[in-house]
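One structure below.
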2 protein chains.
Amino acid sequence: MPLKALDYDSINENVKKTQYAVRGELYLRASELQKEGKKIIFTNVGNPHALGQKPLTFPRQVVALCQAPFLLDDPNVGLIFPADAIARAKHYLLLTSGGLGAYSDSRGLPGIRKEVAEFIGRRDGYPSDPELIFLTDGASKGVMQMLNTIIRGEGDGVLVPVPQYPLYSAAITLLGGTLVPYYLEETANWGLDVNDLQRSVSEARRKGITLRAMVIINPGNPTGQCLSQANLREILNFCYHENLVLLGDEVYQQNIYQDERPFISSRKVLLDMGPPISKEVQLISFHTVSKGYWGECGQRGGYFEMTNIPPETVDEIYKVSSISLSPNVPAQIFMGLMVNPPKPGDISYDQYVRESQGILESLRRRARLMTDGFNSCRNVVCNFTEGAMYSFPQIRLPPKAIEAAKRAGKVADVFYCLKLLEATGISTVPGSGFGQKEGVFHLRTTILPAEEDMPAIMESFKKFNVEFMEQYEDHRGYSRM
Amino acid sequence: MPLKALDYDSINENVKKTQYAVRGELYLRASELQKEGKKIIFTNVGNPHALGQKPLTFPRQVVALCQAPFLLDDPNVGLIFPADAIARAKHYLLLTSGGLGAYSDSRGLPGIRKEVAEFIGRRDGYPSDPELIFLTDGASKGVMQMLNTIIRGEGDGVLVPVPQYPLYSAAITLLGGTLVPYYLEETANWGLDVNDLQRSVSEARRKGITLRAMVIINPGNPTGQCLSQANLREILNFCYHENLVLLGDEVYQQNIYQDERPFISSRKVLLDMGPPISKEVQLISFHTVSKGYWGECGQRGGYFEMTNIPPETVDEIYKVSSISLSPNVPAQIFMGLMVNPPKPGDISYDQYVRESQGILESLRRRARLMTDGFNSCRNVVCNFTEGAMYSFPQIRLPPKAIEAAKRAGKVADVFYCLKLLEATGISTVPGSGFGQKEGVFHLRTTILPAEEDMPAIMESFKKFNVEFMEQYEDHRGYSRM
């Protein structure tokens, strides 16, 4: 019997080679355990509402009204919706071409792209052009589309930080390109060393790879660091000299938990640098409604903005967007609301500020609780989460644990994370899913469990960890490296 | 200066080669004219709400409540929402893992996949397995994902009907595969002739192409025909003998405008055929919330169902779905509502039936109005729209028009459609965007303009057409072929 096209041995090899650890073995095992009735704490993915974060009220009111426009004529609507939400729903409905059920332009609604451009202009101090902003079904879709535009074959390389969010490795593999890693330095608070970058580039070129683009994730995922202005200047300088497109994943720009290094966009730094660099470096920046204090992951809304991209290329990107017809319209409205929230004096302003500040301040406290918790554990060291939504502790696994993992046919950190899951219900992602230096082990957890649950979760982790270490440490004494 | 990765001459060639006529030259020109203040009738894409179709009330009420779950505790909620919508919103919120703002499983919410499976089971008379149903952001995303799984390189061919909906040609080009056309026969009401199919296959094989899959669109887009059970059996037999995956695009299954050939799913016909065929032919079927009497295009909801696909391949497809994290959750709820609408006895049942029947009956009348209108025009012949949302008249262009088009550097049907657009504001898609036999010209228009506007639109078309023909017909007398 000949193979059929969808038999496993017959499908596209790039599909098989692709890995995506955030929903990999650990997640699948966690889902099984959940089905069997075990209580699972899903910290494998930055999904705030799944862990109890309440949605912001105002945007939900506006989108609910947009979904049910017939309510706008109901004399009782004012009993359950505030006047500013009603006014805003009318505003957005006018921007659509037939309500939420009509396809929009494939780039997104022009009126919302204009609001995004105004937001970017205020943020960076340089005006932004709505024609260079495309709305997307979440940031990931935009990243994949840009990589698809850039990658022509396996000779094309993309520089990706390691550890990295595995969207990048997955998409590059699926598209048949080559990932060229550059390492973030854990002992330097996950900083980026341009000399190391240069080494990665030289090595890739020796292998005959054409470097086309560089990815930065700022604030970092899974590493949580915030890039300084000086570091961003170095990166842009590097991209200029190496002729690389910079892909700036800035989806965590609202998630900042310290005051020393506020978020600065790549675009602002680029434009601050002046010509020739500001006119030459091709930059794509990504943003989303899934993160920040919004956490509207399930809505799938995002955008990318293009800087220094020639109009003929923009036309090609538009054409490819058209094949999917339009990004989902409700999430476009969320994006409009995110970049244009209630203003002082609006009826809903106080509530909006109270809710968003409440979430952000709690995340800041949770970042601290989690870092301190990990650092109080045996053989665990962890940098502070300066931004984003993750903690990425290093777990110093004793040699006997590494051997036991090998016997079980598992990577050592997968082995550790599986044991953690079975013992405590905490569903993390092993560091190997993000890439890490040889012989060094991590796990990633979100900082998203409810603040009141955090002490018990850290206690439960600590208890598991000490038992694990007891079991596998050499009793002649295993010392910290 | 060396090329940069996003300079036009440097980007992925497959991106540049991709064509998508539905939003191509005609659409761009129509958008320009609209900006200049001209009234445009956008019939280029099946986008019912953009042409004034009202959304069904009940599903919008349910999704609005799901977006604003805090309303469920409001004592006044019953004043503007019926009790069954409130109950249904509670039902769906329980199926999510944190409301609409939380990522779902990458295949979609298990509870909604179960409702889809029950719908398929009722429709076909064979039970369906929710684990083999994946929810998607519109049907197009599912089609692209399956083609990506199947296509390994340019040696892989996919049989696509011509005329075809250009999603298929676009996606195959973008993925670097080869489209192998088979022709639908206009004089046989756009029927499919298996002998012609066989010819296409032999010719492709002679060129060294490995045929992997076959696409059918039933009801047809742009051609509007409904496939008979006998024809579907022939197709499945053909796929069995030629070892092809069948991709069944069945997004128009609710859009049927005659009684002789009701919609029958490929899956039902396959399972009716019994072994070995029913156990061997690999089938993927696609559906959507964008069409039918729903027309919820902007929500981007769809699903695909897999039949006879081995579990290891299903796992690979699941892994790739995971990279995008989750289809948008609001549209998953719409899908649940579509497959599980109000039942007799429910408060909202009568309204739901009245609204959906009203839309369907009006579409049926519009299909007839449009076909008759086109057939009353000089040098225009048009098959009746049995199903779907389109009319696809053949325009018999006089030789002088073809010459004039050539001088203008345009394909002849593009030339005709541009003139039509400039003269009347009617924005259609030239037949060449869908593929057609050499020397034969068509246009596609939706049947979606409001019923009351239809006579004026057809009148305006007729007037343009007669003037066009007057201008280009040879006055020695051009006769119908």
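Values in this document were obtained by computation on a predicted structure and should not be read as measured data. Note that these values count all heavy atoms, side chains included, but never hydrogens, waters or copies made by symmetry. Just so we're on the same page: letters track the sequence lines, and every chain starts at 1.
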Quiz item: Is chain A contacted by the side chain of B/Ala50, its backbone, both, or neither, given a heavy-atom distance below 4.5 Å?
Solution: both
Exercise. Could you look at A/Asp105 and say if it's the side chain, the backbone, both or neither that has a heavy atom under 4.5 Å from chain B?
Key: both
Quiz prompt | A/Asn76 portion near chain B, given a 4.5 angstrom heavy-atom threshold | solution = both
Exercise. Report the option among B/Gly98, B/Ala331, B/Ala102, B/Ala170 that has the most heavy-atom pairs separated by less than 4.5 Å from atoms of chain A.
Key: B/Ala102
Practice problem: Consider only side-chain N and O atoms of A/Asn12 and B/Glu316, and report whether a donor and an acceptor are under 3.5 Å apart. | Solution: no
Exercise. Answer yes or no: is there a donor N or O on one side and an acceptor on the other, between the side chain of B/Arg60 and the main chain of A/Ala68, under 3.5 Å?
Key: no
Quiz item: Under 3.5 Å, is there a donor-acceptor pair between the side chain of B/Gln67 and the main chain of A/Val63?
Solution: no
Quiz item: In terms of heavy-atom pairs under 4.5 Å with chain A, which of B/Met146, B/Glu280, B/Gln332, B/Glu13 leads?
Solution: B/Glu280
Practice problem: With a 4.5 angstrom heavy-atom cut-off, could you sort out which part of B/Tyr27 is near chain A: side chain, backbone, both or neither? | Solution: side chain
Quiz prompt | Engaged part of B/Val320 at the chain A interface, taking heavy atoms whose separation is under 4.5 Å | solution = side chain
Quiz item: Any sub-3.5 Å donor-acceptor pair from A/Asn328's side-chain atoms to B/Arg300's backbone N or O?
Solution: no
Quiz item: Going from CG on A/Asn148 to OG1 on B/Thr18, what distance comes out if it is rounded to the nearest 0.5 angstrom?
Solution: 8.5 Å
